[in-house]
Amino acid sequence: PCVVIVSGGHPDSGTHGRSPAATLARLLKQLGVDETRLIVEEQSRNTTENAAGIKRLLEEHQPAGGARWVITSATHVPRAGQAFAAQGVP
């Protein structure tokens with residue numbers, strides 16, 4: 001089954017409130033995404049940690065591979081691409 005992994009904690013450990021990942025998960029639920037398909041990763045503080053955390057989640061929830069998409073801002077694509085490539089995530 002298809003899963004949606006939303007990733008992003010607070011870059012500063014002293015930050016409180018809803019994480020970026022939790023905010024996006026809430027929006028996706030409001031838009032009709034089935035909550036059972038959402039995986040929320042809130043521990044990562046930067047792009048490198050995002051990629052490492054998502055790699056672990058993909059190995060657990062999508063071990064056979066399949067389509068994988070990274071959705072991010074245009075200015076963030078190069079850095080995200082490098083971080084995921086370094087983790088061996090195509």
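Quick caveat: nothing in here was measured; it's all calculated off a predicted structure.
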> Which heavy atom of G9 sits nearest a heavy atom of S19, and at what distance?
Replying inline: CA-CB, 4.2 Å
> Under the 4.5 Å side-chain heavy-atom rule for ILVMFWY, direct or indirect, which residues accompany V4?
Replying inline: V6, L24, L27, L28, L31, V33, L38, V40
>> For a side chain to side chain contact (heavy atoms under 4.5 Å, CB included) check, start with the C-alpha distance between R56 and E41, then their side-chain angles and the critical distance, and finish with the verdict.
In response: CA-CA 10 Å; R56 285 190 299 275; E41 184 285 308; over 6 Å; no
> Taking all non-hydrogen atoms of both residues, which atom of S7 and which atom of A21 are closest, and how far apart?
Replying inline: C-CB, 3.7 Å
> Once you round to the nearest 0.5 Å, how far does OG1 of T48 lie from CD of Q82?
Replying inline: 9.5 Å
> What distance separates R68 CZ from I54 CD1, expressed to the nearest 0.5 Å?
Replying inline: 11.0 Å
>> Please enumerate all residues that pass salt bridge (Lys or Arg N to Asp or Glu O under 4.0 Å) together with E35, with sequence neighbours excluded.
In response: K29
>> I'd like to know whether CZ of R26 has more than 12 heavy-atom contacts from other residues, nucleotides or ligands below 6.0 angstrom.
In response: no
>> Ignoring hydrogens, what is the shortest heavy-atom contact between P20 and G8? Give both atom names and the distance.
In response: CD-O, 3.5 Å
>> Taking side chain to side chain donor-acceptor pair (under 3.5 Å) as the criterion, tell me which of N46, T72, T47, N50 meets it with R79.
In response: T47
